[in-house]
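Comments concern the structure below.
Since the model is a prediction, treat every value here as computed from it, not as a measurement. The analysis underlying the following values was restricted to heavy atoms, covering all of them including side chains, and did not include hydrogens, waters or symmetry mates. All residue numbers in this chain count up from 1 along the given sequence.
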Amino acid sequence: MGRALRAGDVQVRWGALALVPALPSRFATGPLGSLVREAVRSVRPEGVPNSVAWVGWLVGVWLRDGGMDEVRDLINGQEGGTWKVGRSVGFAGVRAEKWLPVSGGVFRWWVADAIEVKKESSSWLVTAWQLRRDARVAGAPRSSGEALTLLNAAALARREGEPEESVRLEALALALMPERIPEGLAKRGQVAAWRVVEGGLQTLERFPVKMEEMFFPGEPIESERGQETARLFGDAEDASAEGLMAEVQGAGDWEVLRAAGVAMRYPMAALAWVAKKAPHHVVKKQTELLEAGVRLALKHHCLGSAGRMLAVWPGRAEMVVAYARVMRASVKKMPVLRDWAVWNEWAGFLRAAWGRLEAGAIADEETVFFLQETLLDREKTTLKCLPASLQEGDVLAAIEADPRLMSVLEHQRTLELWEVASLTRERAELAGWIWVSVVTIGEGAGGRYGALLLGSGGKRMMRGKLRIDAGIDTEGGAAMAAEIAGTVKDLAGEVPVGGVILAVDVRVEGMDWDSVFEGIQVTRVPSWESAFRAVREGVVPGAFAEMM
């Protein structure tokens, strides 16, 4: 290598430089590093500017000099100026020159390595992952390096204060794990799996997460249970760990947990432990502890733990609404690879927390509408908004090819009650239609129902008792049905009722709603949002396809 770097032939000299990224970085500080620096400053070959520019940057990173601003300019110059960080690189100019002494796959892998060495941002590491993906020979199995890069990108996203992005990347990493997982990657995958479940996304059977089997995070590290806790929560390669521990050592909500005797060795385990113990007599009386835990869990996107604590002690109405908003934001930012069974569990937590608030604690119409829409069939509503490629076929393959599909609904605005009201007043074909939304609130014998009704003549909010544990075909269910049916007629006024657009939650969907609205056409929809979108697209309610 040294002789080639000193060669008088410029092609030989730069051919040697092109192979430098394959050398261990420890050589950069020795005599070989000096030869490389001298060779880089020499005359460059003519006719291959794209390849030589990339070799120069890769060698610079190997020498610990190359920066990300330099490579950003290099990519934009070669990709036409439309490229953005977080996307792959085509290297069309490099391929056309056919000069590099290595295959395109090896070259892409080297560029990914260099990007990962710099650790500029999570978006850059997503680019590195796509380069590794593109380097894979057609038909070859996925490599462990691809999943590791995604896990590293997730750690940087956490360090950058983007927990939702972190969970999204970890879910993708777990979904794209190779069949044979090295021990180190398996350990990191197990730690990531807990965060993915807390974020409501799918994991693999190889990475089970069982809240009921979680050990106290303060067990001695040398004990069997201490080792198990470390396996679930300890990732020595996590780039965000140092910043998180610095946050934990500060004052504020973490101090509340510390004062309550919660071990802080693994902060996310600490939150999960408080959530697990929240229903216990001693813990549920510590309202300051539960409120602090909820705030921290929402901040770090531990939505399962946040819900478990809220269901025991909702505190202020603002906390319940905040939980619903984070839930909905999570769906918009991560509409695919979701675990909808987990989502239904969260909805149960929200329902229980709302039910524990004082009557009338949440009275604003728009807020009530938002909460009810959250408790309706969010799964079907979300899936109907996805492009056809994500509704049918191999979803994972589509996302691997274009990871932006993970967040395809991210910038979609949330429907508000006033929009439905305006549409109903403005569209003549909606004049006789009444919108009805019914959800259950609370649990068991203390349960209630909430209903929103809207027509061209106005809107009503209703509340009443409904014992879900006794079944819906009871006196309470009959009273609810009678009150809703009567309100529908009141809202219609002088205009004949053209039909009912009905959205109900899972706990009352089995009710005989056709008999409730006897003689009136009932159109079942997953949510008002799904019906609103259909109407905006020109579908009249009477012509709705069966949407349930």
Side-chain angles (χ1 to χ4, degrees), residues 163-164 167 198-201 271 275 278 290-291 293-335 338-382 385 409-410 412-420 437-443 447-452 461-463 503-508 526-530 532:
E164 297 97 336
V167 171
E198 287 271 41
L201 300 188
L271 291 176
L290 293 175
E291 287 192 22
V294 169
R295 285 191 293 268
L296 289 169
L298 292 179
K299 176 181 178 181
H300 292 282
H301 209 71
C302 298
L303 301 192
S305 291
R308 288 182 181 89
M309 290 182 275
L310 269 178
V312 173
W313 175 254
R316 295 168 287 107
E318 291 83 353
M319 295 181 69
V320 176
V321 176
Y323 182 55
R325 295 198 184 284
V326 175
M327 285 173 61
R328 292 281 289 279
S330 178
V331 170
K332 287 203 295 183
K333 291 186 176 184
M334 296 173 280
R338 294 209 69 87
D339 187 327
W340 290 106
V342 170
W343 173 269
N344 289 333
E345 184 181 38
W346 293 357
F349 297 147
L350 176 60
R351 203 176 270 116
W354 191 2
R356 289 181 182 276
L357 295 176
E358 294 292 333
I362 301 176
D364 175 69
E365 291 179 341
E366 289 289 351
T367 303
V368 170
F369 172 67
F370 180 85
L371 291 173
Q372 294 207 181
E373 281 287 294
T374 304
L375 292 175
L376 294 174
D377 194 342
R378 188 53 40 186
E379 176 181 3
K380 191 168 288 187
T381 299
T382 298
C385 294
L409 302 181
E410 186 165 3
Q412 185 181 91
R413 68 185 303 277
T414 301
L415 177 68
E416 297 184 63
L417 180 60
W418 67 265
E419 295 177 272
V420 182
S437 168
V438 184
V439 301
T440 51
I441 303 168
E443 298 177 294
R448 299 193 293 277
Y449 75 90
L452 271 175
M461 288 198 308
M462 299 163 50
R463 288 289 181 274
V504 299
D505 78 7
V506 65
R507 296 207 289 186
V508 291
S527 64
W528 283 14
E529 180 182 322
S530 62
F532 180 86

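Ring pair Trp346/Trp343 is tilted by interplanar angle, where 30° to 60° counts as tilted.
With values rounded to the nearest 0.5 angstrom, Arg378 atom CZ is found 11.0 Å from Arg338 atom CZ. Put simply, CD1 on Ile362 and CZ on Arg316 are 12.0 Å apart, with the number rounded to the nearest 0.5 Å. We find the CZ-NZ distance between Arg328 and Lys333 to be 14.5 Å, quoted to the nearest 0.5 Å. The CG atom of Leu375 sits 12.0 Å away from the OG atom of Ser527 when rounded to the nearest 0.5 Å. In this structure, OG1 on Thr382 lies 10.5 Å from NZ on Lys332, to the nearest 0.5 angstrom. Of the inter-residue distances, the one linking Met309 atom CE with Leu271 atom CG reads 5.5 Å to the nearest 0.5 angstrom.
No side-chain heavy atom of Thr367 sits less than 4.5 Å from a side-chain heavy atom of Gln372. No side-chain heavy atom of Glu443 sits under 4.5 Å from any side-chain heavy atom of Arg351. Considering only heavy atoms from C-beta on, His301 comes within 4.5 Å of Leu303 through its side chain. Contact of the Val438 side chain with the Asp505 side chain is not registered, since no non-hydrogen atoms from C-beta on lie closer than 4.5 Å. Between Arg448 and Thr440, every side-chain heavy-atom pair lies at or beyond the 4.5 Å cut-off. Considering only heavy atoms from C-beta on, Val506 stays 4.5 Å or farther from Asp377 through its side chain. Counting heavy atoms from C-beta outward, Arg308 and Glu345 have side chains that approach closer than 4.5 Å. Counting only heavy atoms from C-beta outward, the side chains of Tyr449 and Met462 approach each other to under 4.5 Å.
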Q: Let me see the working for Tyr323 and Val294 under side chain to side chain contact (heavy atoms under 4.5 Å, CB included), right down to the final yes or no.
A: CA-CA 9 Å; Tyr323 182 55; Val294 169; over 6 Å; no
**Q.** salt bridge (charged side-chain N to carboxylate O under 4.0 Å, His left out) between Arg325 and Glu318, worked out
**A.** CA-CA 10 Å; Arg325 295 198 184 284; Glu318 291 83 353; over 6 Å; no
Q: Assess whether side-chain hydrogen bond (donor to acceptor under 3.5 Å, both in side chains) is satisfied between Glu164 and Ser330, documenting all intermediate values.
A: CA-CA 7 Å; Glu164 297 97 336; Ser330 178; over 6 Å; no
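Judged by distance alone, the side chain of Glu373 and the main-chain N or O of Trp528 form a donor-acceptor pair under 3.5 Å. Ser305 places no side-chain N or O within donor-acceptor distance of the main-chain N or O of Cys302, the cut-off being under 3.5 Å.
Across every non-hydrogen atom of Leu376 and Val439, the tightest pair is CD2-CG1, 3.8 Å. Heavy atoms only, all atoms of each residue included: Trp313 and Leu290 are closest at CB-CD1, 3.5 Å. Closest approach of Pro314 to Met319, counting heavy atoms only: O-CB, 3.7 Å. Annotation for Val312 and Ala278: closest pair CG1-O, 3.4 Å, computed over non-hydrogen atoms. Residues Ala324 and Leu371 come closest through the heavy atom pair CB-CD2, 3.5 Å. Of all heavy-atom pairs between Gly199 and Val167, the closest is CA-CG1, 4.1 Å.
Between Glu529 and Lys380 no salt bridge is recorded (no basic side-chain N to carboxylate O distance below 4.0 Å).
By the side-chain contact (heavy atoms from CB on, under 4.5 Å) test, Glu366 is found to be paired with Asp364, Phe369, Glu416, Leu417, Trp418, residues two or more places apart in sequence or in another chain being considered.
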